[in-house]
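Here is the structure we will look at, set down as structure tokens.
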Amino acid sequence: MEYKEKQLDEVKVFKDPVHRYVHVRDQVIWDLIATKEFQRLRRIKQLGTTYVTFHGAEHSRFNHSLGVYEIVRRMIKNFHQDEGWHPEERLTALCAALLHDLGHGPFSHSFEKVFGLDHEQFTRNIILGDTEVNEVLKRVDETFPEKVASVIQKTYKDKLVVSMISSQIDADRMDYLLRDAYYTGVSYGHFDMERILRVMRPTEDQVVVKVTGMHAVEDYIMSRYQMYWQVYFHPVTRSAEVILTKIFKRVKHLYKAGYAFQIEPTLLLPLFKGDVDIDSYLQLDESVVNYYFQRWQYETDPILSDLCDRFVNRRLFKYIEYDPEREKNKLDKLQALFQRANIDSTYYLTIDSSKDLPYDVYRKGKDRVPIYLQTSSGEEKELSTHSVIVEAITGKTREDHKLYYPSEKIAAIEDTSLREEILKLLHVRSSHNMIQ
């Protein structure tokens with residue numbers, strides 16, 4: 001029997017709090033899970049710094065990746081007798097679902113911003129490079145790694161397979177909404193996934209949904225909307241992300257300035273040099289980064305020491321609402337006052353912005369294929385033309401801006417008039433109200 005068709009002697013299962021069980025029967029999938037590159041995802045949190053706000057949010061990208069694989073497996077099981085599904089794409093879809101997040105780094109998005117990295121490109125590099133994952137995929141076929149990588153890159157010839165993993169209603173989103181809601185303990189992200197899977201239908205270009213399942217899809221769209229604003233963009237989580245970003249920036253600055261670290265950031269040096277190969281990238285996970293943060297609390301550089309202490313011990317920045325249109329001069333004034341107070345505004349005064357577009361119809365240049373409903377006659381109609389709820393939020397971007405600052409440092413300013421001038425701009429009434 002060819003490797004691509006080889007099955008395990010019995011179905012292996014992972015007990016999962018969201019899907020109850022994740023089922024594995026393919027030898028290829030079992031072997032991919034056992035690779036060191038995939039096991040590394042156990043050491044990368046799915047939600048980055050969200051655990052500082054929702055203490056249960058300790059789940060990993062390993063959990064999530066298995067979940068996405070399981071949803072795609074169930075989709076295929078439902079599709080297998082439908083004319084729109086091509087059975088030969090089964091293994092490609094399963095492998096792409098399992099490996100779609102393989103290239104995430106520690107504290108994913110904050111890490112990427114500072115060092116100019118792209119986790120999707122690293123996912124592709126790991127799949128195509130000299131790795132255990134590549135070796136397993138090549139056992140299927142010499143061209144198979146490229147097929148799997150192109151699905152994740154959204155360039156694969158079969159657009160249906162791409163849409164199952166990356167679209168406005170895909171396995172990736174369905175798993176992370178349910179999983180993140182479960183681990184954060186909130187109710188916002190819950191929707192009837194089983195119903196959606198039952199009414200999904202494969203077409204040549206994408207997955208569509210039977211019109212009878214419209215209300216389940218509405219619930220899914222609104223769950224996503226609520227999760228972004230109540231969990232993913234939570235201001236306390238964003239405060240931790242701000243500090244995390246500042247730590248990376250400070251370390252990068254100190255390295256370039258020739259600072260003598262007591263604990264040399266050996267594993268981060270390729271990032272500072274802009275020469276990150278797959279091997280050095282794969283050595284980085286959150287256990288490594290957290291070790292450095294723990295030790296850097298005792299560095300002689302006061303800014304690095306303070307920022308690491310804040311992150312490790314959850315001494316976060318406070319925040320106020322900020323309107324970039326009406327308050328353009330506020331930041332400049334605060335930066336000048338911070339300088340007078342000998343507080344480095346580069347690291348201690350930050351505007352953080354969040355933006356989300358919950359649902360959109362297709363527009364040129366946007367990678368947002370709309371969700372289509374399939375009527376009883378087989379006609380396909382775009383979701384917002386049928387749903388009043390979805391129409392109300394379609395194409396509407398919501399933005400939020402916060403200004404973050406260190407309340408303790410401001411409270412410690414000895415010059416009373418200077419301190420009160422800063423507090424007035426921050427709309428904080430008095431010093432004793434600043435530390436909560």
Side-chain angles (χ1 to χ4, degrees), residues 68-101 120 123-124 127 143-177 191 193-221 224 357-387 390-391 393-395:
V68 177
Y69 153 82
E70 176 62 15
I71 294 175
V72 169
R73 189 193 68 80
R74 294 182 191 180
M75 284 183 181
I76 293 171
K77 186 177 180 181
N78 291 343
F79 291 171
H80 80 281
Q81 291 183 326
D82 199 296
E83 291 181 1
W85 173 247
H86 304 128
E88 66 273 15
E89 299 292 357
R90 176 182 168 279
L91 192 60
T92 305
L94 291 176
C95 290
L98 185 72
L99 302 176
H100 79 285
D101 268 356
E120 290 187 357
T123 297
R124 179 177 169 81
I127 290 171
T143 64
F144 194 58
E146 183 58 52
K147 284 183 182 179
V148 173
S150 66
V151 174
I152 297 168
Q153 199 177 22
K154 309 178 189 69
T155 58
Y156 190 55
K157 59 181 177 59
D158 192 321
K159 301 305 178 188
L160 169 61
V161 175
V162 173
S163 77
M164 292 165 69
I165 298 160
S166 182
S167 65
Q168 292 198 82
I169 184 165
D170 58 29
D172 182 23
R173 293 188 189 195
M174 286 194 285
D175 182 81
Y176 75 60
L177 290 175
F191 59 92
M193 186 189 75
E194 295 302 325
R195 173 64 176 158
I196 290 175
L197 291 179
R198 283 177 59 83
V199 295
M200 278 183 159
R201 297 292 181 270
T203 67
E204 184 177 347
D205 292 329
Q206 68 181 100
V207 174
V208 298
V209 179
K210 284 180 65 178
V211 71
T212 53
M214 182 183 75
H215 297 303
V217 177
E218 287 176 334
D219 198 21
Y220 157 82
I221 295 286
R224 181 190 178 282
L357 179 59
Y359 178 74
D360 196 15
V361 296
Y362 180 76
R363 298 179 188 180
K364 189 175 181 180
K366 286 179 177 274
D367 185 27
R368 281 178 171 265
V369 179
I371 299 170
Y372 284 97
L373 300 174
Q374 189 179 71
T375 66
S376 56
S377 64
E379 186 181 2
E380 293 175 12
K381 296 194 173 183
E382 190 271 314
L383 175 62
S384 66
T385 63
H386 261 50
S387 168
V390 175
E391 182 189 22
I393 61 172
T394 295

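We number each residue from 1, following the sequence as shown.
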Query raised in the report: Taking the side chain as C-beta and beyond, is there a heavy-atom pair between Ile221 and Ile371 under 4.5 Å?
Result: yes
Query - Close side-chain approach of His100 to Thr123, heavy-atom, < 4.5 Å - result: no
Requested in this report: Assess whether side chain to side chain contact (heavy atoms under 4.5 Å, CB included) is satisfied between Glu380 and Leu373, documenting all intermediate values.
Outcome: CA-CA 5 Å; Glu380 293 175 12; Leu373 300 174; over 6 Å; no
Query - Donor-acceptor under 3.5 Å (Ser163 side chain, Leu160 main chain) - result: yes
Requested in this report: Step by step, work out the side chain to side chain contact (heavy atoms under 4.5 Å, CB included) result for Ile165 and Val72.
Outcome: CA-CA 8 Å; Ile165 298 160; Val72 169; 4.2 Å; yes
Query raised in the report: In chain order, what residues pass the side chain to side chain donor-acceptor pair (under 3.5 Å) check against Ser150, with sequence neighbours excluded?
Result: none
Requested in this report: Kindly write out the residues that satisfy side chain to side chain donor-acceptor pair (under 3.5 Å) with Thr143, not counting sequence neighbours, or none if the list is empty.
Outcome: Asp141
Report task. May I have all residue pairs that pass side chain to side chain donor-acceptor pair (under 3.5 Å) and include part of residues 68-81, sequence neighbours excluded? Result -> His23-Glu70, His23-Arg73, Glu70-Arg73, Glu70-Arg74, Arg74-Glu194
Report summary line: Hits for side chain to side chain contact (heavy atoms under 4.5 Å, CB included) against Glu379, two or more places apart or cross-chain, chain-then-number order -> Thr375, Ser377, Lys381
Query raised in the report: What residues form a side chain to side chain contact (heavy atoms under 4.5 Å, CB included) with Ala149, not counting sequence neighbours?
Result: Arg124, Ile127, Leu128
Query - ring-ring contact (aromatic ring centres under 6.0 Å, His included) pairs, two or more places apart, involving residues 196-221 - result: Phe191-Tyr220
[X] [atom1] to [Y] [atom2] distance, which is reported to the nearest 0.5 Å:
| X | Y | atom1 | atom2 | answer |
| --- | --- | --- | --- | --- |
| Ile71 | Asp170 | CD1 | CG | 9.0 Å |
| Leu383 | Thr394 | CG | OG1 | 7.0 Å |
| Cys95 | Arg90 | SG | CZ | 9.0 Å |
| Ile393 | Arg224 | CD1 | CZ | 9.0 Å |
| Ser387 | Met214 | OG | CE | 5.0 Å |

Requested in this report: Check the pair Tyr176 / Val68 against side chain to side chain contact (heavy atoms under 4.5 Å, CB included), numbers first and verdict last.
Outcome: CA-CA 8 Å; Tyr176 75 60; Val68 177; over 6 Å; no
Please name the pair of heavy atoms, one in [X] and one in [Y], separated by the smallest distance, quoted to 0.1 Å.
| X | Y | result |
| --- | --- | --- |
| Tyr372 | Glu382 | CD2-N, 3.5 Å |
| Ala171 | Met75 | N-CE, 4.0 Å |
| Tyr359 | Gln168 | CD1-OE1, 3.3 Å |

Query raised in the report: For Glu88, does the CD atom sit with more than 12 other heavy atoms under 6.0 Å from it, leaving out its own atoms?
Result: yes
Report task. Assess whether side chain to side chain contact (heavy atoms under 4.5 Å, CB included) is satisfied between Glu391 and Thr385, documenting all intermediate values. Result -> CA-CA 7 Å; Glu391 182 189 22; Thr385 63; over 6 Å; no
Report task. Scan for salt bridge (Lys or Arg N to Asp or Glu O under 4.0 Å) pairs involving residues 156-169, sequence neighbours excluded, and state none if there are none. Result -> Glu89-Lys157
Report task. Identify the residue among Leu99, Val148, Ile76 that makes a side chain to side chain contact (heavy atoms under 4.5 Å, CB included) with Leu94. Result -> Ile76
Expected list for residues 199-211: side-chain donor-acceptor pairs under 3.5 angstrom, two or more places apart:
from   : atom 1 : to     : atom 2 : distance (Å)
Arg201 : NH1    : Arg198 : O      : 2.9
Thr203 : OG1    : Gln206 : N      : 3.3
Thr203 : OG1    : Gln206 : O      : 2.5
Gln206 : NE2    : Pro370 : O      : 3.1

